[in-house]
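Some notes on the structure that comes next.
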Amino acid sequence: MEKNMQENFAKLEKRVVDSLNNSDLELINYELSRIKGPTLISGVGGSSVVSEYATKILSKKNHIITRNTEPRDFNYFDCSLYDNVLACSYSGNNYGVQLAFLNNLKHYLLASKENEQEDITNLTYQCNDPEKSFISLGATLIPCSILLNYYLDNNQDVFNEYSHHNYKFDSNCDAYEIFTGIDTSTPSKYLESTMIESGIGIPIVHDKYSYCHGRSTISTVKNNIAIYLNTNKELDKLLLEELPKYYKDVIVINTSSNPIDEYKSLIECMYLTKYISEEQSKDLSGVDYNPIVKKLYKYNGEL
């Protein structure tokens, strides 16, 4: 991939707004509103961030049970407990999508391209300026924006408020410990996925309460940086008082369980990974990836 991270960040907001302006939002919102009953939502790679966010949006907006599901999981649990599957995929035709639809549930596809299979309800958004990148920022943020637009009943004011931290810290560390929970799982999933896929850091993801029960030892034997998704609860205040004693640095991102705030913190985390990449003279768009990717990426055999 071409090393063009700066260009892709510069175009990110425009690509989102362009997609919102050119997609058939009325149709997408209508089809999303028709999803009733327990629903499995699936995505892989960057699209797993989208599927995580979709579980929040449909749970809050449609008042239904949702579960974010890895494509391989469909082979190992009882899908008959659910009514629907929503697959999230930029291309709309990868093996993960096929796995998600190997069942008798009602199938929905949130993607930039339609799937012509007869039993699929397509929720297709437009991407007129495709991003060429290993870590696809637009392919993650655009469908999340489509979902937030649905949650907000087509009120797009929030998309005119793009902002982010100007980070300033020494990124040299052994690992990044990410403090999160179900209420902030979308940005934390982005951080974990991006750090691993780009090689800019080793992520360790903590549920905040689980951290209180023994997960703190590693910070005493390694030179780690904490990334804290702060929702201003009593536990947050306690942890933020104590963590600076044990970490090289504590990066705080203020957010909440509100889908708008979770969306905004996702953007902040994108810029955080940009900063870390720049500090390491790396490029999220042009990753020097492991050659094994060429053998594994299009695998479509037994799982």
Side-chain angles (χ1 to χ4, degrees), residues 8-35 39-62 66 68 71 84-94 96-98 100-101 106-117 119-133 135-162 186-187 189-190 193 259-260 262-264 266-267 270 285:
N8 285 326
F9 269 96
K11 289 184 174 181
L12 182 57
E13 180 179 357
K14 182 179 182 299
R15 283 171 169 155
V16 168
V17 172
D18 181 72
S19 181
L20 289 169
N21 288 338
N22 290 285
S23 300
D24 189 344
L25 298 180
E26 184 176 347
L27 175 61
I28 293 173
N29 291 350
Y30 171 71
E31 294 295 353
L32 285 171
S33 71
R34 297 179 66 204
I35 300 177
T39 301
L40 296 167
I41 305 175
S42 183
V44 68
S47 292
S48 69
V49 181
V50 180
S51 60
E52 182 69 20
Y53 193 56
T55 65
K56 311 292 189 65
I57 295 297
L58 291 182
S59 177
K60 290 177 179 291
K61 182 75 172 179
N62 294 22
T66 58
N68 193 11
N84 316 290
V85 176
L86 170 63
C88 304
S89 166
Y90 179 75
S91 67
N93 62 3
N94 63 38
V97 172
Q98 297 176 35
F101 292 161
K106 186 165 184 180
H107 301 151
Y108 294 85
L109 176 65
L110 179 62
S112 67
K113 298 177 183 177
E114 286 198 4
N115 188 311
E116 296 181 357
Q117 190 172 320
D119 65 340
I120 294 175
T121 299
N122 286 286
L123 313 174
T124 308
Y125 52 86
Q126 298 300 314
C127 292
N128 295 324
D129 181 19
E131 178 182 357
K132 297 178 180 178
S133 180
I135 303 297
S136 298
L137 303 165
T140 297
L141 193 60
I142 287 172
C144 286
S145 303
I146 296 291
L147 290 162
L148 180 57
N149 176 78
Y150 166 63
Y151 178 79
L152 296 174
D153 295 320
N154 211 29
N155 181 347
Q156 297 186 16
D157 289 345
V158 67
F159 303 110
N160 299 320
E161 302 174 5
Y162 275 69
T186 303
K189 181 170 280 290
Y190 167 81
S193 173
I260 299 174
E262 194 166 9
Y263 175 87
K264 290 180 177 179
L266 170 60
I267 296 174
M270 287 181 167
S285 295

(message) Do Leu137 and Arg15 have side chains that approach each other closer than 4.5 Å (heavy atoms only, starting at C-beta)?
(response) no

(message) To check you understand the geometry: which heavy-atom pair defines the closest contact between Pro259 and Tyr53, and what is its length?
(response) O-OH, 2.8 Å

(message) Please find the pair of heavy atoms, one from Ile135 and one from Glu131, that lie closest to each other, and give the distance.
(response) O-OE2, 3.7 Å

(message) For a 4.5 angstrom cut-off between non-hydrogen side-chain atoms, does Leu147 reach Leu110?
(response) yes

(message) Using side-chain heavy atoms (C-beta onward) and a distance below 4.5 Å, is Gln117 in contact with Leu109?
(response) no

(message) Apply side-chain contact (heavy atoms from CB on, under 4.5 Å) to residues Leu266 and Val49 and explain how you reach the verdict.
(response) CA-CA 9 Å; Leu266 170 60; Val49 181; 4.1 Å; yes

(message) Can you confirm whether Ile260 sits close enough to Leu152 that some side-chain heavy atom of one is under 4.5 Å from a side-chain heavy atom of the other?
(response) yes

(request) Working to the nearest 0.5 Å, report the span between OH of Tyr125 and CD1 of Ile142. (result) 7.0 Å

(request) State the CG-OG distance between Asn128 and Ser23, to the nearest 0.5 angstrom. (result) 8.0 Å

(message) Are the side chains of Pro71 and Ser42 in contact, using a 4.5 Å heavy-atom criterion?
(response) yes

(message) If I take atom OG from residue Ser112 and atom CG from residue Leu123, how far apart are they, to the nearest 0.5 angstrom?
(response) 12.5 Å

(message) Please find the pair of heavy atoms, one from Leu20 and one from Leu25, that lie closest to each other, and give the distance.
(response) O-CD1, 3.3 Å

(message) Quick one, Tyr30 with Tyr150, criterion side-chain contact (heavy atoms from CB on, under 4.5 Å). Give me CA distance, side-chain angles, the key distance, then yes/no.
(response) CA-CA 9 Å; Tyr30 171 71; Tyr150 166 63; over 6 Å; no

(request) Examine Tyr263 together with Phe159 and report whether their ring centres are nearer than 6.0 Å. (result) yes

(request) Could you tell me which non-hydrogen atom of Asn94 sits nearest to which non-hydrogen atom of Ser89, and how far apart they are? (result) ND2-OG, 3.3 Å

(request) Among Thr66, Asn62, Thr55, Asn84, find the one that has a side-chain hydrogen bond (donor to acceptor under 3.5 Å, both in side chains) with Thr39. (result) Asn84

(request) For residues Cys127 and Tyr90, determine if any side-chain heavy atom of one lies less than 4.5 Å from a side-chain heavy atom of the other. (result) yes

(message) Tell me whether Lys61 at atom NZ has more than 12 heavy atoms from other residues, nucleotides or ligands lying less than 6.0 Å away.
(response) yes

(request) Sort out for me which residue in Leu86, Val85, Asn68 forms a side-chain contact (heavy atoms from CB on, under 4.5 Å) with Leu40. (result) Val85

(message) Can you give me the closest heavy-atom contact between Asn93 and Gln98, atom names plus distance?
(response) O-NE2, 3.9 Å

(message) Donor-acceptor pair, distance only, cut-off 3.5 Å: does the side chain of Asn22 make one with the backbone of Asp18?
(response) yes

(message) Between Thr121 and Glu31, do the side chains contain a donor N or O and an acceptor N or O under 3.5 Å apart?
(response) no

(message) Measuring from atom CG of Leu58 to atom OG of Ser51, what distance do you get when rounded to the nearest 0.5 angstrom?
(response) 11.0 Å

(message) Minimum heavy-atom separation for Ser136 and Ser133, please, with both atom names.
(response) OG-O, 3.4 Å

(message) Let's go through Tyr190 and Glu52 carefully: what are the C-alpha distance in whole Å and the side-chain angles of both, what is the deciding distance for side-chain contact (heavy atoms from CB on, under 4.5 Å) to 0.1 Å, and is it a yes or a no?
(response) CA-CA 10 Å; Tyr190 167 81; Glu52 182 69 20; over 6 Å; no

(request) To the nearest 0.5 angstrom, please state how far the CE atom of Met270 sits from the CG atom of Asn8. (result) 11.0 Å

(request) Could you walk me through whether Val17 and Gln156 pass side-chain contact (heavy atoms from CB on, under 4.5 Å), step by step? (result) CA-CA 9 Å; Val17 172; Gln156 297 186 16; over 6 Å; no

(request) Answer whether the closest heavy-atom distance between the side chains of Lys56 and Tyr151 falls below 4.5 Å. (result) no

(request) Enter the distance from Asn115:CG to Thr124:OG1 here, rounded to the nearest 0.5 Å. (result) 9.0 Å

(request) State, yes or no, whether a side-chain contact exists between Ile28 and Asn149 at a heavy-atom distance under 4.5 Å. (result) no

(message) Closer than 3.5 angstrom, by distance alone: can the side chain of Ser193 be matched with the main-chain N or O of Lys189 as a donor-acceptor pair?
(response) no

